[in-house]
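Before any comments, here is the structure.
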Amino acid sequence: TGKEKPYVFPKKVPECGGDGSIERVPGEAAWRCVNKNSFEQRKRKFHYFVSKKAFNIDGLGPQIINLFLDKGLVSSYDDIFTLKKGDIEGLPGFKEKSIGNLLSAIEKSRRVSLPRFLIALSIDHVGEETAEDIAEAFGTLAAIQKAEKVDFENIEGVGPTVAESLFAWFNYKENKALVSRLLKHIEIIPVKRKLSGAAPLQGMIFVLTGTLSSLSRDK
């Protein structure tokens, strides 16, 4: 109508923690919290860690995660894998069967693919596609942990920004300790790397539209 006004971002968002300041990242459209470790952000990262794209722990949704965080049952990702029946008993919404189902789902999730593990870590700029590319390029978590920044940059589709983010994350002291703790509870399935040689479909693009009765959209 011509009466529209540009949206003005607030200078403070209480959920960001600290003084609530937000900032626009240079070169990006996104505005982010200046404080990277607020309780709200920890909750969101936990939600992502257990989501279908990551560890896919059935029954451990955002509300349950929030409850466990509020009660002090978990404070780090690895705490999820140390939960016992006695920790959960008496919490609202939990009966004998639901506790058993949740613990079974956690047990089932202990074996995870390398791409899903990378996705779960909430590394800046690393989404599903990038996680797949990295996993395929290195094959194992150990190889990723030893990689230099240039090794990440040599992966097709991974630019300097993503490479810097990956290298910084895996070389940060607290993150190293987190991965070490997680590896005491989980098994990461290595990726079978592609064999070199003829690849008749390489470079070709296929577009599938419509509905497939036997496959979901993600598959």
Working to the nearest 0.5 Å, report the span between [atom1] of [X] and [atom2] of [Y].
X	Y	atom1	atom2	answer
N175	F170	CG	CZ	8.5 Å
E132	L114	CD	CG	9.0 Å
R111	I186	CZ	CD1	12.0 Å
I134	I123	CD1	CD1	7.0 Å
N56	K108	CG	NZ	7.5 Å
S98	I64	OG	CD1	8.5 Å

For the student: nearest non-hydrogen atoms of [X] and [Y], plus distance:
X	Y	result
V191	P115	CG2-CD, 4.0 Å
A131	I119	CB-CG1, 3.6 Å
H125	T161	NE2-CG2, 3.6 Å
S51	Y48	OG-O, 2.7 Å
A163	V158	N-CG1, 3.9 Å

Looking at K53 and E128, is any side-chain nitrogen of the basic one under 4.0 Å from a carboxylate oxygen of the acidic one? yes
Decide, yes or no, whether a salt bridge links K149 with E164 under the criterion of side-chain N to carboxylate O below 4.0 Å. yes
Using a 6.0 Å cut-off, check whether atom [atom1] of [X] has over 12 heavy atoms from anything other than its own residue.
X	atom1	result
R44	CZ	no
D58	CG	no
E28	CD	yes
F39	CZ	yes
E156	CD	no

When you compare the side chain of [Y] with that of [X], does any pair of heavy atoms fall below 4.5 Å?
X	Y	value
S109	I57	yes
E40	C16	no
Y77	F55	no
R110	E187	no
K85	E96	yes
N35	S21	no
D133	E129	yes
D151	F167	no

Backbone N or O of [Y] within a donor-acceptor pair of the [X] side chain at under 3.5 Å?
X	Y	result
D87	K84	yes
S165	D124	yes
R116	A54	yes
D78	R181	no
R42	F46	no
D79	S75	yes
S180	K176	no

Would you say the rings of F152 and F138 are close, in the sense that their centroids are separated by under 6.0 Å? yes
For F81 and F49, take the angle between the two ring planes, folded into 0 to 90°, and tell me which bin it lands in: parallel under 30, tilted 30 to 60, perpendicular over 60. perpendicular
